Amino acid sequence: MADKSSADRILAAIRAIPPGQVAGYGHVARRAGLPGRARLVARVLRENADPRLPWHRVLRSDGRIAFPPDSEGFEEQTQRLRAEGVDVRQGRVRIAESVPDLDGNLDAALWKPR
DNA sequence: AGGATGACGGGAG
DNA sequence: ACTCCCGCCATCC
């Protein structure tokens, strides 16, 4: 298993995402000091049990929700994001329209809008 | 040891 | 914008 410190840094990076904002797996990994470990971030989330963790703010680099469109997780995440005012359409988040300048706040949290 | 797997990323067509 | 394909990393047969 990946060492605990790495998992802790990843969890901290996720908890650092402000409500109403989102970040990609790869981005979270970099912020945790683990460039190239996007898949490790996914693993940590998969094993996470903390209900207080804002896991729903983590998306794929293209803005799509990582769960299959027909899954529970997909619905759950969509609902949680919308509850924070995030614009989710067709399983995808529109940054430019739903999130106020992510670029300046978190170091360029996500992909190319639109 | 070798191949398969996945809540990923990025480039190519 | 969408699909395919391949690179990556850690884990698990």
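This structure is a prediction, so every number in the text was calculated from the model and none was measured. Lettering follows sequence order; numbering is per chain, from 1.
- To the nearest angstrom, C1' of B/dG11 lies 13 Å from CG of A/Asp62.
- For the pair A/Arg92 and C/dC2, the criterion of a side-chain N or O lying under 4.0 Å from OP1 or OP2 is met.
- In this structure, the CD1 atom of A/Ile14 is 13 Å from the P atom of B/dC8, given to the nearest Å.
- At whole-Å resolution of the value, OH in A/Tyr25 and P in B/dG10 are 14 Å apart.
- Protein atom NE2 of A/His27 is 11 Å distant from nucleotide atom P of B/dG10, rounded to whole Å.
- With a 6.0 Å radius and a threshold of 12 heavy atoms from other residues, nucleotides or ligands, A/Glu47 has its CD atom above the threshold.
- Of all nucleotides listed (B/dG10, C/dC2, B/dC8), B/dC8 comes nearest to the side chain of A/Ala66.
- Spacing between atom CD1 of A/Ile10 and atom C1' of C/dC9 amounts to 11 Å, rounded to whole angstrom units.
- Closest approach of A/Arg52 and A/Asp50 over heavy atoms only: N-OD1, 2.7 Å.
- Applying the 4.0 Å criterion to OP1 and OP2 of B/dA7, one finds that A/Ser71 has every side-chain N and O outside that range.
- Tested against A/Arg57 for a side chain to side chain donor-acceptor pair (under 3.5 Å), the candidates A/Gln77, A/Glu84, A/Gln21 yield a single pass: A/Glu84.
- A donor-acceptor distance shorter than 3.5 angstrom exists from the side chain of A/Arg37 to the backbone of A/Pro35, with no hydrogens or angles considered.
- Judged purely by atom type and a 3.5 angstrom limit, A/Arg89 has no side-chain atom pairing as donor or acceptor with the backbone of A/Arg94.
- With values rounded to the nearest 0.5 angstrom, A/Phe74 atom CZ is found 9.0 Å from A/Arg64 atom CZ.
- In this structure, A/Arg80 atom CZ and B/dA7 atom C1' are separated by 14 Å, rounded to whole Å.
- The interatomic distance linking A/Ile17 (CD1) with B/dA7 (C1') rounds to 13 Å, in whole Å.
- Separating the CZ atom of A/Phe67 from the P atom of B/dG6 is a distance of 14 Å, rounded to the nearest angstrom.
- Of the residues in residues 36-52 of chain A, those lying under 4.0 Å from DNA chain C by heavy-atom distance are A/Gly36, A/Arg37, A/Arg39, A/Arg43.
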